[in-house]
Amino acid sequence: MTAVDESLDVPLSPHATTARTRPHDAFVPRHVGPRADAVATMLRTLGHDSLDALVDAAVPASIRTRARLDVPDALTEPEVLADLRRLAGKNQVREQMIGQGFYPTVTPAVIRRGVLESPAWYTAYTPYQPEISQGRLEALLNFQTVVADLTGLPVANASLLDEATAVAEAVALMVRAGSRRGSAGEGAVLVDADVFRQTRAVVRGRADAAGLHVVVVDLSHGLATARAQLAADGTLAADVPLSGIVVQHPGASGRVRDWGGVVAEAKAAGALVTVATDLLALTLLTTPGELGADIAVGSSQRLGVPLFYGGPHAAFMAVRQGLERSLPGRLVGVSVDADGATAYRLALQTREQHIRREKATSNICTAQALLAITAGMYAVYHGPEGLTAIATRVHEQAVALAAGLRTGGVDVVEGAFFDTVRVSVPGRAGEVLAALDAAGINAFAPDADHVQLTASETTTAQVVVTAAATVVAAATGAGVPVVAGELPGATATGSADATLPGWSRRRTDFLTHPVFHAHRSETALMRYLRRLSDKDLALDRTMIPLGSCTMKLNSAVEMEPISWPGLADIHPYAPASQTEGYRELIETLQQRLAAITGYAAVSVQPNAGSQGELAGLLAVRGYHASRGEGHRDVCLIPASAHGTNAASAALAGMRVVVVATADDGTVELDDLRAKLAQHGPDVAAIMITYPSTHGVYESEVTTVCELVHAAGGQVYVDGANLNALVGLAQPGAFGGDVSHLNLHKTFAIPHGGGGPGVGPVAVAEHLVPFLPGDPFAADASGAAPAAGSAVPVSSTAFGSAGVLPISYAYVALMGADGLREASEVAVLSANYLAARLDAAFPVLYTGPGGLVAHECILDLRALTAATGVTAEDVAKRLMDYGFHAPTLAFPVPGTLMVEPTESEDLAELDRFVEAMLAIRAEIDEVAAGTWTAADSPLRGAPHTAEAVTADEWTAAYSRQQAAYPVPALRGAKYWPPVRRIDGARGDRNLVCSCPPMEDYA
Ligand SMILES: Cc1ncc(COP(=O)(O)O)c(C=O)c1O
């Protein structure tokens, strides 16, 4: 270890014994906010001598692990970057012409730097508090407008997790809508065979779990023919009603088909129609709306989002009028604020799984906001002409490629195409791929007789010539030399009209809104991005003390590598020989997460916590089925659980049985015993969150695990609160069989304004065979997956692989001791806030030692009853003090749940305490009759600059009180851009695309 000069200003660690031996470049003190003296102050407030003593008092001995985490010691920032550079170097960047839903694209540098790499965007939270989220809400509304315009359908959501799950969501929506209409009942859904392989695998897995009847069939010869064939081979009886069909436009084969006839047949049969599609292609092609689709889905990746080895990418869903209230995912809508100004908010929040639990139509919580914003900005920057030009060029490269191949004597499979050329190379697909590989090009072989090459925004004329020459040589053995420009017939550009017949061409306008025309210069876009992000509160301005969300530091060094070409430009279906670096990174991360949680194995495939839950429950299902206990279908869920738990259980085909929570917030053991007695042989699992969503370490958790195990059930420990456990206790050791972790909480992946996320599923040994499988491999044969086999839950084997370097870096930078220290300080900070605020806002639940875990719930119900001031008023008033509100009304209505995390220093914690105490004083003024609740600054909050500087001021309190209630705000004032927003009005008049400019006047 390097000797450290005592005179240096070394950031002191909470662990005074190790602090002085740390070199100046240690990362842990950069991540953990409080210095040693601050830790001492906080401990004094709590009456404990040391962090160890505090943690011993808070964490029940029954779950405590004393062993040091089995992960390496901390590395410095340069060391971690060097390691990641080594890993990126082991990946091979090729001309990626594989296609299949993933395309190279150019992320304009102004967007990469201004959005993807900007903490103002990536550290923001989901816009549940719309007044401090107007910038990202506008950006997401742009995305919705892009999707709606390009698909020709009126209402689009603000992103889904990936294309395959988006199609699965569409299938579920069609079945629901069908059964509501009564005509189709729980009918079947037919999925065309030319839908992406990974989509078919995920749709089948999800449908199987939920008991939906999904059949893959060739629909290209019409619906009647397909049904006759299915009836003849006994797959689907002729009288089974049809809920919907899914077709892809263009298809996985690249073909552009006229689906008009099939759509008309489906409509006549009372079925709904989903079209999976490609937004770039739709600048040239007839829209799903024009084709008669009810739903359009797909991925927006190729609008400027890197390949990222498979994700994160924003999927989309658009629907026709009448289906908007069934649309899964978030929907940004337009409303007005208290002064009548146009303002954005999330619309129809009552559909959210938090509220609808097992009746939720989807378990999507975290989605892909940051990537949706990136794609939306790509459209803002390029505008309709730019997008059309890019698409035209892509198409022309494909046309040129086809021409070159034909001239060389290779059989280009007939059919109109946009970007993908499919050639017939009987028996030689392997050789052709190998030859292309040697030429630096990745292509796709759907079978042994065909090869497909897909052009993209980055395909150059040189690549076209090389690809054509190589395929010709390998397919025909003609030995055509690979020399640029020398292939007879392969011209640099083809004719855009050559292969897109008249019926297939788009004739309608899109992106006519001024926002898609006003920001063409880099200066204009840079300023637009800045103007939007200035409206918002993200971690780059203030702590975000959201309980259950762990808004900790997402450090620059962790973020930096994700846009390196060796990590960003890798296709998810590239051969394994080219992705050694990623595989090593993923394997190492999975092993370290297993070591941290005490489980046998981890899969990083689920791309959100909700998907980790689903994967975990599907593993439980598979396990029971493998033991002949497939009838076990009851999932016990405590009343206080996060809504995704119940929604995931329903998606996994389980029945939700609610277990009561006791007054102290723990699982009610008597009720658990009663439910086990009632459902014992049918119990598949219990899902508990630990520490519970009440923010306390429950002493009885081991008893809960024992009781459920004794009944033959599995224990699912929701690991979203793992920030209270890392290095202190392991769910895999204290009784869990399976957990999901939220890497976008505990392991430093930024929240991105509502995504991306990664929700790895961690399992004990007996569940390892049931971890999610590879969706691209799973359905290669077209055969249905065997019962109990590992069902994939996302489009690619490693889900949102592109952001895994963040968590990899976090673990490497923190090391075994730093990870434990983070948990300890997270617990310390939560308890410090609880102690400082308890007198003003009573802490609702405490655990052993009268302590909380890493968060605390402040109970405002008595204050509300006495004064009329609500928890929401406090949340909005905090905006005037420059804070993002804590979690509102979850898990207990009328409360605020506060989670400071280890990253906030004492000064920021104290600033928050000062704000909360000042707010309490304002509530006291209401109690004293100075103002009514309705006339108070609490109800008037938030206050805009415009409101407090208006010539007229009629409020019962002063402008000073409104805007500068504490002196510290004079130096750094955040001005909310809008007053309080009228939610109900926005839901009544649903407007979900960019409003006309006059509305801003
Ligand atoms: C306790 C708990 N479980 C599950 C989830 C779901 O995670 P995600 O939003 O990534 O789907 C959350 C998210 O907030 C959570 O707090």
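Counting starts at 1 for both ligands and their atoms, following the listed order.
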Give me the ring orientation class for Phe770 and Tyr623: parallel if the planes are under 30° apart, tilted from 30 to 60°, perpendicular past 60°.
perpendicular
Going by the angle between their ring planes, with limits at 30° and 60°, are His354 and Tyr128 parallel, tilted or perpendicular?
perpendicular
Listed partners of Phe883 passing ring-ring contact (aromatic ring centres under 6.0 Å, His included), at least two apart
Phe912
List below, pair by pair, the N or O atoms of ligand 1 and of the protein that are less than 3.5 Å apart, including the distance to 0.1 Å; reply 'none' if no pair qualifies.
{"residue": "ligand 1", "atom": "3 (N)", "partner": "Asp718", "partner atom": "OD1", "Å": "3.4"}
{"residue": "ligand 1", "atom": "3 (N)", "partner": "Asp718", "partner atom": "OD2", "Å": "2.5"}
{"residue": "ligand 1", "atom": "7 (O)", "partner": "Asn742", "partner atom": "ND2", "Å": "3.2"}
{"residue": "ligand 1", "atom": "9 (O)", "partner": "Thr366", "partner atom": "N", "Å": "3.1"}
{"residue": "ligand 1", "atom": "9 (O)", "partner": "Thr366", "partner atom": "OG1", "Å": "2.6"}
{"residue": "ligand 1", "atom": "10 (O)", "partner": "Thr366", "partner atom": "OG1", "Å": "3.1"}
{"residue": "ligand 1", "atom": "10 (O)", "partner": "Gly609", "partner atom": "N", "Å": "2.7"}
{"residue": "ligand 1", "atom": "10 (O)", "partner": "His744", "partner atom": "NE2", "Å": "2.7"}
{"residue": "ligand 1", "atom": "11 (O)", "partner": "Gly609", "partner atom": "N", "Å": "3.4"}
{"residue": "ligand 1", "atom": "11 (O)", "partner": "Ser610", "partner atom": "N", "Å": "2.8"}
{"residue": "ligand 1", "atom": "11 (O)", "partner": "Ser610", "partner atom": "OG", "Å": "3.4"}
{"residue": "ligand 1", "atom": "14 (O)", "partner": "His642", "partner atom": "NE2", "Å": "3.4"}
{"residue": "ligand 1", "atom": "14 (O)", "partner": "Lys745", "partner atom": "NZ", "Å": "2.8"}
{"residue": "ligand 1", "atom": "16 (O)", "partner": "Ser548", "partner atom": "O", "Å": "3.4"}
{"residue": "ligand 1", "atom": "16 (O)", "partner": "Ser548", "partner atom": "OG", "Å": "2.7"}
{"residue": "ligand 1", "atom": "16 (O)", "partner": "Lys745", "partner atom": "NZ", "Å": "2.9"}

Looking only at the side chains, is there a donor atom on one of His31 and Glu902 sitting less than 3.5 Å from an acceptor on the other?
yes
N/O donor to acceptor pairs below 3.5 angstrom from side-chain atoms of residues 793-802, sequence neighbours left out:
{"residue": "Ser794", "atom": "OG", "partner": "Gln605", "partner atom": "O", "Å": "3.3"}
{"residue": "Ser794", "atom": "OG", "partner": "Thr796", "partner atom": "O", "Å": "3.2"}
{"residue": "Ser795", "atom": "OG", "partner": "Asp162", "partner atom": "OD1", "Å": "3.4"}
{"residue": "Ser795", "atom": "OG", "partner": "Ala164", "partner atom": "N", "Å": "3.1"}
{"residue": "Thr796", "atom": "OG1", "partner": "Gly799", "partner atom": "N", "Å": "3.4"}
{"residue": "Thr796", "atom": "OG1", "partner": "Gly799", "partner atom": "O", "Å": "3.3"}

Applied to residues 745-757, the side chain to side chain donor-acceptor pair (under 3.5 Å) test, sequence neighbours excluded, yields Thr126-His751
